[in-house]
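Below is one structure, written out as structure tokens; comments come after it.
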Amino acid sequence: MKNLNILLIEDDMIEVMKLKRASGSLNLNHNITEANNGEEALKILEEKENLPHIILLDLNMPKINGIEFLKILKADDQLKYIPTIILTTSSNQRDLLECYKIGIAGYVLKPLKYEEYVSKIEKLLSYWSVNELITT
Amino acid sequence: MSQEEVDILKRALERERASRKAAEKILEEKSAELYEVNKKLEESHAELTVLYNKTSSQLQGVFENIVDAYVIMDLWGNILKMNEAAVALLGFKTVHDEGNLSTLVHPKEVDKVEPAFRKLFEEGSITDFKIKIRTKQNISKFVHINASIIYEDGRAVAAQGIVRDITLENEYQRAIEAEREKYRSIIANMNLGLVEVNNDDVIQMVNQSFVEMSGYDEDELIGKKGGELLVADKSSEIIQKENQKRLKGQSNSYELTVKSKAGDIRYWLISGAPNYDLKGNIIGSIGIHLDITELKNLEFQKEKLLHKLEKSNDELQEYAHIVSHDLKSPLRSIDALVSWIREDNKDKLDDRTQENFKLIQSTLEKMEHLISSVLEYSSIGFEASNNTQVNLNELINDIEQLLYIPDHITLKILRELPTVKVDKIKMQQVFQNLISNAVKYNDKEKGMIEIDVEEHKGMFKFSVKDNGVGIEKKYHDKIFKMFHALNKNKESTGVGLSIVKKIIAHYEGDIWVESEINNGTTFYFTLRK
């Protein structure tokens with residue numbers, strides 16, 4: 001299992017805390033970078049030397065929303081290869097279809113219960129940590 | 001006297017005697033000739049008389065039998081002779097009655113008499129003279145007269161004429177005239193624009209309404225091509241196509257977009273029919289035009305409204321998703337925070353506090369469930385394209401697999417269920433909600449759920465019957481309203497039955513409940529066949 005460089009794009013502070021705590025309590029040494037919105041994330045992604053292995057993306061965000069961000073990402077010749085997993089509360093069928101159409105590596109619904117959340121995150125991270133990923 | 005003298009005298013006498021004899025003979029001969037001639041003359045006279053009598057009686061016959069009234073009058077109008085037809089026409093009793101023709105003229109038309117007489121005398125005849133008369137029987141008639149003067153030794157002595165009763169003919173004509181006038185007035189006054197065009201679409205006639213509709217004067221319209229004058233976008237093509245149909249003798253209605261003189265775009269509904277001449281040739285078409293701009297605008301408005309409605313429905317659904325997301329996010333955060341507090345203070349919190357934290361979390365769950373249900377309710381959209389033939393027996397079997405039905409409860413279908421054309425997912429929601437309610441509220445040792453169907457007046461009446469706790473009568477209406485769950489437990493949000501009702505209502509069915517406390521509940525609903 002390798003340590004992943006994860007970019008979490010999430011505007012909700014507690015959601016950020018949740019991922020960090022879940023990752024910590026699972027004794028995973030992944031490197032989590034946070035961006036509170038799409039613009040911030042794009043700035044981080046400008047640093048081509050240090051691109052994340054995967055991106056966890058929330059859909060409902062102010063300014064640039066998740067889908068808009070995804071479109072920008074997939075239009076970029078380099079960034080489009082970064083697996084992007086949607087982490088959202090939206091069970092809207094339209095959002096789901098739209099995301100897969102643009103191109104995503106997964107679509108995970110945030111559950112209400114924290115324990116369920118931990119279990120989903122554990123599976124997600126362990127899946128990606130056994131994957132071969134593009135490194136710069 | 002000498003012998004010689006005597007001889008001479010004798011001879012002279014002799015000659016005289018001879019010549020007298022000769023003369024007598026000639027006389028005799030001539031007289032015989034005369035006699036012959038006279039005899040022949042007498043014969044031919046007799047023949048002529050016969051001939052004359054024959055002709056005369058023939059003429060008399062013609063005179064008497066002629067269908068038309070025949071009258072001979074003197075120069076002052078007194079009747080000298082008339083036939084039976086004339087007697088009948090003029091209202092006399094016999095052909096021997098006396099009378100003056102000018103006294104028969106209708107009082108309103110006496111002015112016509114004098115000029116007619118003058119014409120007759122000056123020109124010797126008069127034809128096509130029409131006049132109203134009042135007969136001896138005081139009946140008004142309209143007559144047609146042809147008359148001519150009878151001359152004797154070059155002197156006018158009388159006049160003869162043929163009189164025809166054209167009263168009926170005249171009435172027909174007047175009736176036709178009246179009809180024509182009636183239609184002319186209808187055409188002139190109707191609200192429909194009427195146009196007559198020839199085979200080249202050149203306007204021949206328009207009525208007042210069409211003048212008003214188009215905004216052009218009659219002079220501006222007649223002689224112009226309708227398609228060119230009033231054209232708006234593709235109307236000209238349409239007119240050409242429609243005119244082709246007229247040439248084939250077809251009639252129909254079509255809509256046309258036109259531009260009035262003022263430049264307004266108007267919508268006309270036109271009923272066109274071919275126009276024929278007396279020989280049956282198509283000489284153009286007649287079009288009746290109805291201005292349907294107002295209607296059309298309403299139609300556009302309706303389309304716009306529908307479009308808007310669709311959009312706002314869409315937005316509403318989006319909105320429901322966003323709201324539900326925004327409402328759920330804080331719940332998730334609270335749950336996470338509570339979890340962490342519990343985890344971090346495992347040893348420091350007493351049992352009661354731990355219990356209370358658990359309660360907070362189950363309340364959060366309930367809240368989340370509610371939000372999901374509201375979202376579900378508000379996202380029930382119906383699309384006709386989703387309707388398929390659904391075998392309800394199979395549907396119930398699917399639900400049985402899907403739901404957790406405990407062993408002590410049995411689900412039975414009494415009569416075979418029909419196949420109906422519905423949205424399968426919606427119908428599943430209906431049965432699933434009703435069956436899961438029946439499972440949830442069953443308190444009996446041996447629970448049972450029975451599904452049945454009856455056919456009734458073009459409707460299917462379905463029933464889902466259980467032997468559970470039952471529902472009090474006062475709640476029978478309330479249970480179908482939002483958030484009216486009777487049992488406040490975690491799974492009941494009070495939305496399930498309102499979803500069922502919304503779906504049934506969409507299919508124009510009814511839903512109601514019959515129940516007895518402790519004995520069970522039966523839900524009935526109807527669906528159109």
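Each chain gets a letter, A, B and so on, in the order its sequence line appears, and its residues count up from 1.
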How far does [atom1] of [X] sit from [atom2] of [Y], to the nearest 0.5 angstrom?
{"X": "Q361(B)", "Y": "K113(A)", "atom1": "CD", "atom2": "NZ", "result": "5.0 Å"}
{"X": "N60(A)", "Y": "S329(B)", "atom1": "CG", "atom2": "OG", "result": "7.0 Å"}
{"X": "S90(A)", "Y": "K328(B)", "atom1": "OG", "atom2": "NZ", "result": "9.5 Å"}
{"X": "W340(B)", "Y": "K18(A)", "atom1": "CH2", "atom2": "NZ", "result": "7.0 Å"}
{"X": "K366(B)", "Y": "L112(A)", "atom1": "NZ", "atom2": "CG", "result": "14.0 Å"}
{"X": "S333(B)", "Y": "M13(A)", "atom1": "OG", "atom2": "CE", "result": "8.5 Å"}

Heavy-atom pairs under 4.5 Å with chain B - which of N92(A), V118(A), D12(A), L59(A) has more of them than the others? N92(A)
More than 12 heavy atoms of other residues, nucleotides or ligands under 6.0 Å from [atom1] of [X]: is that the case?
{"X": "N131(A)", "atom1": "CG", "answer": "yes"}
{"X": "K426(B)", "atom1": "NZ", "answer": "yes"}
{"X": "K123(A)", "atom1": "NZ", "answer": "no"}
{"X": "Y319(B)", "atom1": "OH", "answer": "no"}
{"X": "Y100(A)", "atom1": "OH", "answer": "yes"}
{"X": "I425(B)", "atom1": "CD1", "answer": "no"}
{"X": "D351(B)", "atom1": "CG", "answer": "no"}

Smallest separation among heavy atoms of Y114(A) and D335(B), with atom names: N-OD2, 2.8 Å
Please classify the contact of L337(B) with chain A as side chain, backbone, both or neither, using a heavy-atom distance under 4.5 Å.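 The side chain, not the backbone.
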Among residues 432-439 of chain B, those lying within the under-4.5 Å heavy-atom range of chain A are none
State whether R21(A) and E343(B) are salt-bridged, where the test is any N-O pair (Lys NZ or Arg NE/NH1/NH2 against Asp/Glu carboxylate O) under 4.0 Å. yes
Can you tell if the side chain of R332(B) reaches within under 4.5 Å of the side chain of E15(A), non-hydrogen atoms only?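 In contact.
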